[in-house]
Amino acid sequence: MKNIINPVKGTRDFYPQDKSVNSWLYQNIREVSESFGYQEFDGPFLESIDLYAAKSGEELVKEQSFVFPDKSGNLIALRPELTPSLVRMIAQQQQQLYYPLRWWSFGPFWRYESPQKGRGREFFQWNADLIGVDSPEADAEMAALMAEFFKKIGLSSTQVKVFVNNRRLIEGELSKLDISPDKQGKVFRLIDRKDKLSDKEWSSYALKIGIETKQFDGIKKLLSTDDMWKESTELVQFFSAVDALGVKDYVEYSPRIIRGLDYYTGTVFEALSISTDVRRSISGGGRYDNLLADVGGDSLPGVGFAMGDMVVNVILEELGLLPENRSSSPAKVIVTVFDAESQMASYQLGAELRQTGLNVYSYPTPDKLGKQFRHADRIGAKIAVILGPDEISKQQVAIKDLKTREQVTVSRSEAAAAIQGILDTDSGA
RNA sequence: GCGAGCGUAGCUCAGUCGGUAGAGUGCUGCACUGUGGAUGCAGUUGUCGCGGGUUCAAGUCCCGUCGCUCGCCCCA
């Protein structure tokens, strides 16, 4: 390795086998989103820093965004999240859109953070939002969307779970413990860290934010009450909708899910792996009923989530669920070049076969047939076509099945059909 | 921002007490001039991350630096 410029820290190179995973995720996301009637949309990758200053967490803008001045001196950010763009787009056309709005998106985002397993500085994110409905059933649809996606990519309900809680429920419980609303934000952070800190560290964190012993005991009791959702009519409705949507197995109540972001107002959810030691959350979201009004639009309720691609990749890899055949050529047919004299005839044959709809890889130079077969095998081709002097003189082509090593010679006009026939039996077997 | 570990061939890595730079794999050729994956033989690949220091001698020890990885913080 000499004189190769390092890639930018935290970015990934998508070699074909990696890009195929990315495309596969995109495809599955598209199919699941569309199956629920969501429409694809996208915002710009570059946004004015002001867009994020309005509402995103201070830290996300100041510490974790790529920001640079353009030639006129305006501060531009590489988007660290999609929600502000989404909210702006809706506010801009608020009177012209039909509600509820079901929108989804999949694209790149950037955050200036320290790269490690399951986290980079450049990542892809799936966003799905349901705008204009304030109901537990809408929340349930979000959970179902996530669950159906997991099902589709091969993650079972014993491998991943969508954990759900409700902030209004917890706020009410905290008030019963005489924890004032202005302190509840800090308690949310405390709850958020329950599984990340040791018991000792967690206790001392509680002390630090001014929680009394009695209140602390109450909080601990809250966090171990797994059927508290029954106290919340919202969650009762939510779970009955989840049941109706057929994803009960994937969705579970957890008093410990609270989410870090401030703008969530009701139901919150987070998908986690329960079968690997990957602690990082796969996806997260919740209800945000004030967001649009906060940005200057008319009040409009919404619920949504985001899922990064990196944690999903780690989990799929650890469970051995990544799609296979990732580095093979999209062409399953290779046309060999017998010698320099016949190369143009081979090229012509390749073009002819392509016209019939086949993906055809033309070997680019005359070479030993053995070498060409070896190459064909390595790129994952199934069939090699040979056009030597004998075939040319008889208006024929030789078709070789690389797997069975069987070879047939057919007239040129029948070649495409013969190839298609072999491909069909292969894929059937 | 803080902490730990690792940088040796295209790739994965070994390298003992400081004493000639290695293996596997890959790649190329040949056995095999109209037919591949096996096997055998031959060949090929190096700023040992970079800079300095100690030493007769440094891949190895010391200092610095850069890069990568993994944690913490935070989050997708």
Side-chain angles (χ1 to χ4, degrees), chain A residues 1-12 15 25 29 56-65 79-83 105-128 146 189 192-193 196-198 201 205 258-262 269-273 277-286 304-315 334 336-339 342 363 366-392 398-407 409:
Chain A
M1 181 91 62
K2 51 186 174 181
N3 290 331
I4 296 174
I5 306 294
N6 285 324
V8 173
K9 192 186 184 84
T11 61
R12 287 171 290 171
Y15 287 87
L25 278 180
I29 284 167
S56 295
E58 292 268 306
E59 188 174 356
L60 192 58
V61 187
K62 285 185 183 160
E63 310 290 335
Q64 298 180 355
S65 293
R79 63 180 187 182
E81 59 165 336
L82 188 62
T83 306
S105 179
F106 182 75
F109 293 84
W110 294 265
R111 289 189 195 169
Y112 198 86
E113 292 188 284
S114 146
Q116 52 198 268
K117 199 173 184 182
R119 196 181 72 185
R121 289 183 174 181
E122 181 178 65
F123 54 94
F124 283 80
Q125 201 178 67
W126 174 29
N127 281 265
M146 265 158 66
R189 300 194 77 79
D192 200 39
R193 290 182 187 185
K196 295 170 184 168
L197 302 175
S198 68
E201 290 166 323
Y205 185 76
I258 205 74
R259 309 287 303 150
L261 290 168
D262 294 335
F269 38 82
E270 190 169 321
L272 295 165
S273 163
D277 54 8
V278 178
R279 293 277 169 144
R280 224 170 271 288
S281 65
I282 301 166
S283 59
F305 68 82
M307 183 193 80
D309 71 315
M310 296 187 70
V311 175
V312 176
N313 270 314
V314 170
I315 290 169
I334 183 166
T336 58
V337 175
F338 188 80
D339 55 24
S342 62
Y363 198 86
D367 218 331
K368 287 184 172 179
L369 282 178
K371 203 176 159 189
Q372 298 189 50
F373 288 143
R374 190 166 54 157
H375 182 71
D377 207 47
R378 287 187 181 163
I379 65 168
K382 292 210 158 45
I383 290 173
V385 177
I386 304 105
L387 193 61
D390 297 350
E391 288 82 7
I392 291 174
I399 298 166
K400 179 168 176 129
D401 184 325
L402 289 164
K403 202 161 153 194
T404 64
R405 297 180 175 229
E406 283 166 14
Q407 184 170 325
T409 302

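Throughout, protein chains are lettered first and strands after them, A, B, ... in sequence-line order, and every chain is numbered starting at 1. Just so you know, these numbers come straight off a predicted model, no measurement behind them.
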Applying the 3.5 Å cut-off to both distances, the Watson-Crick or G-U partner of B/rU35 turns out to be none

Determine the Euclidean distance between corresponding P atoms of B/rC66 and B/rG29; express it in Å to zero decimal places.
-> 44 Å

Counting distance only, does the side-chain N/O of A/T404 pair as donor-acceptor with the main-chain N or O of A/E406 below 3.5 Å?
-> yes

Closest listed nucleotide, where the reference is the side chain of A/S114 and the choices are B/rC72, B/rA76, B/rU35 = B/rC72

Residue A/R280, side-chain heavy atoms: nucleotide from B/rA76, B/rC72, B/rC30 that is nearest | B/rC72

base_contact_polar (B/rG34 base, A/Q407 side chain, donor-acceptor, <3.5 Å) = no

Determine the interatomic distance between P on B/rG22 and the same-named atom on B/rA9; round to the nearest Å.
-> 14 Å

Does B/rC56 pair with anything, Watson-Crick or G-U wobble, both distances under 3.5 Å, and if so, with which nucleotide?
-> B/rG19

OP1 or OP2 of B/rA76 under 4.0 Å from side-chain N/O of A/R279 = no

What do you reckon, are the aromatic ring centroids of A/F305 and A/W126 less than 6.0 Å apart?
-> yes

Hey, is the main chain of A/D309 close enough, under 3.5 Å, to the side chain of A/N313 for a donor-acceptor pair?
-> yes

Would you mind telling me which of B/rG34, B/rA76, B/rC30 lies closest to the side-chain atoms of A/R111?
-> B/rA76

Between B/rA58 and B/rA76, how far apart are the C1' atoms? Round to whole Å, please.
-> 46 Å

Is there a Watson-Crick or G-U wobble partner for B/rG24 with both distances under 3.5 Å, and which nucleotide is it?
-> B/rC11

For B/rU8 and B/rG49, measure between their P atoms and round to the nearest Å.
-> 6 Å

Closest to the A/D377 side chain, choosing from B/rG36, B/rU28, B/rU35 = B/rG36

Considering only the C1' atoms, how many Å lie between B/rC6 and B/rA42, rounded to the nearest integer?
-> 36 Å

In the structure shown, which nucleotide is the Watson-Crick or G-U wobble counterpart of B/rG29, with both distances under 3.5 Å?
-> B/rC41

Would you mind telling me which residue lines up with the more 5' stretch of RNA chain B, A/M310 or A/A376, judged by nearest nucleotide?
-> A/A376

Ignoring the backbone of A/A306, work out which of B/rA76, B/rC72, B/rG34 is nearest its side chain.
-> B/rA76

Tabulated below should be each protein N or O lying under 3.5 Å from an N or O of nucleotides 65-69 of chain B; please produce it.
unit_1, atom_1, unit_2, atom_2, d
B/rC68, OP2, A/K9, NZ, 3.1

Under 3.5 Å, is there a donor-acceptor pair between the side chain of A/R280 and the main chain of A/K117?
-> yes

Span that lies between the P atom of B/rA14 and that of B/rG24, in whole angstrom | 16 Å

Regarding A/R121 and the six-membered ring of A/Y112, is the cationic atom NZ or CZ under 6.0 Å from the ring centre and inside 45° of its axis?
-> yes

Provide the Watson-Crick or G-U wobble partner of B/rC48, both distances under 3.5 Å; none if there is no partner.
-> none

Between CD1 on residue A/I334 and CD on residue A/Q372, distance to nearest 0.5 Å = 7.0 Å

Polar side-chain atom of A/Q125 near backbone of A/F106 as donor-acceptor pair, under 3.5 Å = no

Taking the six-membered ring for Trp, does A/F338 stack with B/rG34 (centroid gap under 5.5 Å, planes within less than 30°)?
-> no

Nearest-angstrom distance, P atom, B/rG1 to B/rC13 | 29 Å

In whole Å, what separates the P atom of B/rC17 from that of B/rC62?
-> 14 Å

Opposite nucleotide pairing with B/rG1, Watson-Crick or G-U, both atom distances under 3.5 Å = B/rC72

Picking from B/rG34, B/rG29, B/rA76, the nucleotide nearest the side-chain atoms of A/K371 would be B/rG29

